[in-house]
There are 2 protein chains.
Amino acid sequence: MCTSTFAGPWQHLEQGERVHIFAAMHARGLHLTAQREAILEAIFGCPGHICAEHILGAVLDRRPTLRMNKTTVYRALNLLVDMRLVREHRVGAGPAQYEPASRGPHTHLICRACGQSWNLDGDVVQGFTASLRARDGFEAQLESYPIFGLCSTCRG
Amino acid sequence: MCTSTFAGPWQHLEQGERVHIFAAMHARGLHLTAQREAILEAIFGCPGHICAEHILGAVLDRRPTLRMNKTTVYRALNLLVDMRLVREHRVGAGPAQYEPASRGPHTHLICRACGQSWNLDGDVVQGFTASLRARDGFEAQLESYPIFGLCSTCRG
DNA sequence: GTGAATGCAAACATTTTGCAGTAAG
DNA sequence: CTTACTGCAAAATGTTTGCATTCAC
């Protein structure tokens, strides 16, 4: 079951982004349909992560004339993740969460006890990923998953 | 759907471990039943991670006289995770994976391209978690989930 | 016009729940 | 003898698939 919903103003895709996505799809012989555009707008218009159910809800709310179905949402999401236009986070129980890949790398700290989350800026993460790269040649993609643990308050 | 199965020799719980678990359960007014003991043996006897379906399979295979049901497996797993005797890993699609909490912290690196995984020893991780602790007071539990990225081969 | 995209219903995989019966302490 | 535990069947959740129809290009 999903919990939070983003009810902010409806965002249209920024023009450059739209062009880039259209080109990427065209190159694969795929269509940028009204449904897919609405799904993209829901994802790009949400400041955080959003799940399939909420994407469906947002589109139905804000584009009542557009036909839309959960199957279409899931199919579009798989496509967009495949094309690396959207990042997927599957962590813990509950539905997968999605966000624009263009948002750039950022890591979340999540407290297992209180559930709060914090953004972790680049410095510390970069030090860690740099040492993994140096040691093992492994390019860690820490932005794909939040880091779980206990926050300073809950440790006490 | 599960893929790999561990078909190694049946392990009985090490005596000290059994005593410790029994005490922990007793302290909560819970029973260490034959079913729960068999489930624990399946988890502790598996060198890697094991999922609910395979625990059920292992117990049915090796203790044909013992009645056992997937509901019992899931209920036992929730209990054991809750008691922090067993660690749960939910990552990507597919069923949750379980392993003894006593196995100590260790982090896995998993390559998104080829799917291979490597154990990451403590040093590098400890440096990272130490800086998070110092900076944010956050106690990261990196052993709870793998770090995804690209291995040296697949980066090329 | 043609191949790709959609909606619907149904299947699927994983996990949880209600309830009546069983067994551990 | 009490309270926890179990099995069964059924539900809940999140996601995918088959197929006939519709639409973008």
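Here is how names work: the chains are called A, B, and so on, in the same order as the sequence lines, proteins then strands, and each is numbered from 1.
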Without decimals, in angstroms, what is the distance between B/E53 CD and C/dT16 P? 15 Å

Side chain to side chain contact (heavy atoms under 4.5 Å, CB included) involving A/R133 - partner list, sequence neighbours excluded: A/T129, A/A130, A/E139, B/R155

Could you list by number each residue of residues 36-47 of chain B showing a heavy-atom separation from DNA chain C of less than 4.0 Å, or answer none if no residue does? none

Restricting to non-hydrogen atoms, name the atom on B/T72 and the atom on B/I39 that form the minimum distance, rounded to 0.1 Å. O-CD1, 4.0 Å

Check: A/H89/A/E99 side-chain N/O donor and acceptor closer than 3.5 Å: yes

Distance below 4.0 Å between B/N78 side-chain N/O and C/dT15 OP1 or OP2: no

For nucleotides 17-25 of chain D, 5' to 3', base contacts (B), sugar-phosphate-only contacts (S) and non-contacts (-) with protein non-hydrogen atoms under 4.0 Å give BB-----BS

Correct closest heavy-atom pair for B/E17 and B/S102 would be OE2-OG, 3.1 Å

Considering every strand and a 4.0 Å limit on heavy-atom distances, what is the contact class for B/A96: base, sugar-phosphate, or nothing? sugar-phosphate

Using whole Å, report how far CZ of B/R28 lies from P of C/dG25. 17 Å

Using whole Å, what does the distance between atom P of nucleotide C/dG7 and atom CG of A/L56 come to? 10 Å

Could you list the donor-acceptor pairs under 3.5 angstrom formed between side-chain atoms of residues 20-30 of chain A and any protein atom two or more places apart in sequence or on another chain?
none

I'd like to know whether A/I55 forms a side chain to side chain contact (heavy atoms under 4.5 Å, CB included) with A/Y74, so could you lay out the CA-CA distance, the side-chain angles of the two residues, the decisive distance to 0.1 Å, and finally the verdict. CA-CA 10 Å; A/I55 293 171; A/Y74 279 112; over 6 Å; no

Passes side chain to side chain contact (heavy atoms under 4.5 Å, CB included), B/E37 versus B/L32? Steps please. CA-CA 7 Å; B/E37 192 149 3; B/L32 180 51; 4.2 Å; yes

B/L79 CG to C/dT16 P, in whole Å, measures 13 Å

Nearest atoms (heavy-atom pairs only) where B/L85 meets B/F44: O-CZ, 4.2 Å

When rounded to whole Å, the CG to P distance for the pair B/L66 and D/dC5 reads 15 Å

Residue whose nearest DNA chain C nucleotide is more 5′ - A/G29 or A/K70: A/G29

Using atom CZ of A/R90 as one end and atom P of D/dT13 as the other, report the distance to the nearest whole Å. 17 Å

The single option from B/R18, B/Q11, B/R63, B/R36 passing side-chain hydrogen bond (donor to acceptor under 3.5 Å, both in side chains) against B/E41: B/R63

I would like to know whether B/L150 and A/F138 meet side chain to side chain contact (heavy atoms under 4.5 Å, CB included); could you show each step before the answer? CA-CA 6 Å; B/L150 291 176; A/F138 191 88; over 6 Å; no

Does a side-chain N or O from B/Y74 land closer than 4.0 Å to OP1 or OP2 of C/dT16, or not? no

Kindly write out the residues that satisfy side-chain hydrogen bond (donor to acceptor under 3.5 Å, both in side chains) with A/N69, not counting sequence neighbours, or none if the list is empty. A/T71

Would one find a side-chain N or O of A/N69 under 4.0 angstrom from OP1 or OP2 of C/dC8? yes

Which heavy atom in B/R90 sits nearest to a heavy atom in B/A96, and how many Å separate them? CG-CB, 3.7 Å

Starting from C1' on C/dT14, measure out to CD1 on B/I50 and report it in whole angstrom. 16 Å

From CE of B/M68 across to P of D/dT6 the rounded distance in Å is 7 Å

Using the C1' atoms of the five pairs at each end, what is the angle between the end axes of the helix from C/dG1-D/dC25 to C/dG25-D/dC1, to 10°? 40°

